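One structure is given below, encoded as structure tokens.
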Amino acid sequence: MNILGSLDWNDIFIVPFLKEPTLSTGIAAGAGGIVVLGALALALLLTVKGWWKPLWSEWITSLDHKKIGVMYVVLSGIMLVRGVLEAVVMRAQQVSPAPGFLSVEHHAELFSTHGTIMIFFVAMPFLTGLINVVMPLQIGARDMEFPFMNAVSLWLSVGGAALVMASLVVGHFETGGWTAYPPYTGINLSPNEGVDYWIWSLALTSVGSTLSGINFAVTIYKQRAPGMTLMRMPIFAWTTLCTAILMIFAMMPLTVASLMLALDRQAGFHFFTAAQGGNMMNFANMFWLFGHPEVYILILPAFGVFSHVIPTFSGKKLYGYTSLVWATIAIAVLSFTVWVHHFFTMGQTTNLNAIFGIATMTIGVPTGVKVYNWLLTMYRGKLRFSTAMLFSAGFMFTFVIGGVTGVMLANPTIDFATHNSLFLVAHFHNMIIPGVLFGMFAGVNYWFPLCFGFRLDETWGRRSFWLWMVGFYLAFMPLYAIGLMGAPRRMAFFTDPAYLPWLVIAMFGALMVLGGLAAQVIQIWVSVKNRESLMVPAGDPWDGRGLEWSLGCPVPEYDFTTVPHITSREPWVDAKAQGKRVIDPTEFVDIHLPKSTGLPFVTAMIATIGAFALIFQMWLIAAVFFVAMWVTVLIRSYDTDWEETISAEELRKGYEAHKHLVETTPKATFEDEFTSKNRGLILEEVV
């Protein structure tokens with residue numbers, strides 16, 4: 001038995017280019033080179049700066065929910081860069097004279113990795129990171145219910161992303177799209193390692209997401225502050241709870257379907273092999289049993305973000321809290337009833353299609369309720385257009401367009417004509433980009449001070465918004481047009497000259513989106529450089545309404561010096577109305593926090609190496625690492641020294657220092673909100 005399995009020198013990224021030097025293989029080799037050189041440059045930087053030790057001790061081994069959330073968002077940002085760059089390359093390919101500069105297989109690999117990355121390794125880590133940072137602070141908790149499991153979830157997601165990045169350097173990714181339907185992804189039609197990269201990267205991240213869902217739900221059920229009933233929870237906590245339930249139940253069909261596909265490919269099973277008694281439609285059903293709840297796993301946290309950003313920058317109480325809660329619950333329940341609309345064209349009966357078409361249209365009702373609630377919150381408010389508010393307003397206008405096209409596609413007869421066209425691609429991006437990315441961007445700009453103690457630069461933030469907003473419209477609205485003209489999706493090139501002007505506009509839009517991403521990188525760079533003038537140590541830089549703004553910026557590791565007693569839906573607003581700038585403490589007592597540990601990182605990296613071994617059929621190595629992974633779990637199970645104590649006196653000193661800081665810092669006005677005069681203060685003017 002070859003210990004290296006199917007791995008050989010031809011799988012190294014540079015070898016195909018040396019054997020057949022074309023522009024397509026050159027681009028692939030260049031991408032692999034960027035990954036390798038980027039990793040080496042990062043290692044060199046960490047070594048020169050002496051950052052290895054603090055990176056390990058303060059971040060990688062941390063169980064602090066805020067730091068784990070930040071690392072999730074960093075992972076998402078790294079993968080977003082790759083996803084957007086791949087989109088630009090695909091657009092450039094389609095505006096080039098046929099057959100373009102990419103091989104058909106290379107283009108198929110690009111759209112497969114692009115979809116996989118943007119859903120599983122951009123959107124999912126982004127929302128999971130934001131929830132990690134904010135949700136415990138909003139419900140009065142000091143950490144997640146299961147801090148160790150929280151870190152394992154993070155590093156499993158990092159491991160899955162690492163496998164996708166590794167496919168640029170060793171071997172190739174699959175070419176069957178992000179859904180990876182058999183029989184194309186079976187062993188006969190896709191014998192190389194590409195589909196296995198898809199299977200095992202998703203297996204790691206889907207297990208991590210399932211664990212996160214359990215953690216979020218239990219934290220909300222068990223860790224809420226005294227007096228915080230369910231109907232006193234912030235809307236973001238409600239959307240997190242519904243998202244967590246969706247994660248728990250919806251990720252499992254994906255995990256099972258991908259593992260069944262692995263058994264078909266490597267163990268001679270025939271779950272999806274029609275010639276041997278299997279049924280390939282079972283894969284489609286299981287995938288979309290995950291896939292449509294997944295849409296709402298992505299969108300509900302963004303809805304929660306908008307439900308905080310819009311009231312804050314409108315200077316008003318959120319309109320229709322109760323209706324928003326029930327709309328959120330309705331969306332979560334209905335999301336499990338519509339999965340068949342993803343394959344209206346696959347041959348089921350018209351009666352079945354009609355039922356799922358009606359269910360799909362129905363789910364638009366609670367979504368519409370939310371939009372009206374946000375609009376009524378803004379009505380007659382004193383609007384302040386921060387970067388977060390701009391992304392929220394841009395979302396509402398753009399998302400409604402996507403919703404209208406979604407209702408169109410819910411009609412099976414219309415869907416039958418447009419399902420395999422670029423019209424559907426435009427609709428999907430019309431929901432995900434403004435609905436998820438804009439929401440996450442708004443959340444980062446809004447809550448960033450909680451983690452780092454300073455605001456993000458507003459000038460570059462607004463520039464990034466306009467580049468993203470205009471770029472989105474230019475990149476995807478033309479696809480509606482040529483989709484209705486008959487342009488099919490998944491095409492490496494087009495020969496109809498009528499499509500070209502629209503594709504050129506879409507190419508320009510993709511470049512603007514890339515510019516928006518670049519502006520966000522510059523925004524972070526400028527903000528870090530000018531952080532002294534952007535510092536908001538007193539907290540509450542936006543006159544916020546949530547409990548999280550009562551803690552100062554950055555929030556201490558233990559979050560709350562004393563757990564607050566909740567008597568209303570907006571206890572922080574009530575405290576400010578009484579002239580208080582800190583929430584009165586209850587009794588100071590010693591608290592216990594989990595110690596930092598490297599075991600979650602080690603466990604997940606062992607699992608990642610084992611998954612890489614499975615991809616290239618290194619069975620012995622995979623078995624060794626599988627056993628090693630469970631050994632680390634057993635080591636943790638017998639660890640009894642896993643807590644550290646923060647004394648009541650230390651908590652008292654922290655509270656008194658924060659109270660002195662906010663009492664000695666002058667107030668700022670709305671006009672000074674985005675200037676250096678705002679040091680994290682409760683603003684004077686109230687609407």
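Quick note: residue numbers are just sequence positions, from 1. Because the structure is predicted, anything quoted here is derived from the model rather than measured.
- No side-chain heavy atom of F441 sits less than 4.5 Å from a side-chain heavy atom of V444.
- Under 3.5 Å, the side chains of N10 and K19 contain a donor-acceptor pair of N or O atoms.
- Residues L424 and N420 fail the side-chain proximity criterion, which asks for heavy atoms closer than 4.5 Å.
- Using a 3.5 Å distance cut-off with no hydrogens or angles, the side chains of N445 and Q523 do pair a donor with an acceptor.
- Side-chain contact annotation: S335 with H292, donor-acceptor N/O pair under 3.5 Å absent.
- Relative orientation of the F476 and F472 rings is tilted, given thresholds of 30° and 60° on the angle between their planes.
- Panel note: side chain S76, backbone V122; a donor-acceptor pair is recorded below 3.5 Å.
- The aromatic rings of F271 and F269 are tilted relative to each other, their planes meeting at an angle between 30° and 60°.
- Ring-centre distance between F625 and F612: not below the 6.0 Å cut-off.
- At a threshold of 4.5 Å between non-hydrogen side-chain atoms, the residues T632 and I606 count as touching.
- In terms of heavy atoms, C451 sits closest to V133 at SG-CG1, 3.5 Å.
- Residue Y473 places its OH atom among more than 12 non-hydrogen atoms of other residues, nucleotides or ligands, all under 6.0 Å distant.
- Summarising the local packing, CZ of F249 is surrounded by 12 or fewer heavy atoms from other residues, nucleotides or ligands at distances under 6.0 Å.
- Heavy-atom neighbours of K529 NZ from other residues, nucleotides or ligands within 6.0 Å: at or below the threshold of 12.
- Residues W288 and E294 have side chains that never bring a donor and an acceptor to within less than 3.5 angstrom of each other.
- Relative orientation of the F391 and F438 rings is perpendicular, given thresholds of 30° and 60° on the angle between their planes.
- Heavy-atom minimum distance, D143 versus T219: O-CG2, 4.1 Å.
- Crowding of F452 atom CZ: a count of heavy atoms from other residues, nucleotides or ligands under 6.0 Å exceeding 12.
- Between A244 and A217, the shortest heavy-atom distance links the atoms CB-N, 3.7 Å.
- The side-chain heavy atoms of W59 and M71, taken from C-beta on, include a pair separated by under 4.5 Å.
- In Q266, the CD atom is crowded: over 12 heavy atoms of neighbouring residues, nucleotides or ligands sit closer than 6.0 Å.
- At a threshold of 4.5 Å between non-hydrogen side-chain atoms, the residues L168 and F13 do not count as touching.
- The closest side-chain donor-acceptor pair between Y446 and T387, if any, does not fall under 3.5 angstrom.
- When all heavy atoms are compared, the tightest approach of V169 to G32 is CG2-O, 3.9 Å.
- Between F120 and F290, the ring planes are parallel. Angles under 30° get that label, and only those over 60° would be called perpendicular.
- Rounding to the nearest 0.5 Å places CD1 of I119 at 5.0 Å from CH2 of W178.
- With hydrogens and angles left out, the side-chain atoms of S190 and T185 include no donor and acceptor closer than 3.5 Å.
- Side chains of E193 and S6: no donor on one and acceptor on the other come within 3.5 Å.
- A donor-acceptor contact under 3.5 angstrom links the side chains of T25 and T22, judged on distance only.
- Using a distance-only test at 3.5 Å, with no hydrogens or angles considered, a donor-acceptor pair links the side chain of Q93 to the main chain of P99.
- W525 CH2: 12 or fewer foreign heavy atoms inside a 6.0 Å radius.
- Across S167 and R82, no two heavy atoms sit closer than the pair OG-NH2, 4.3 Å.
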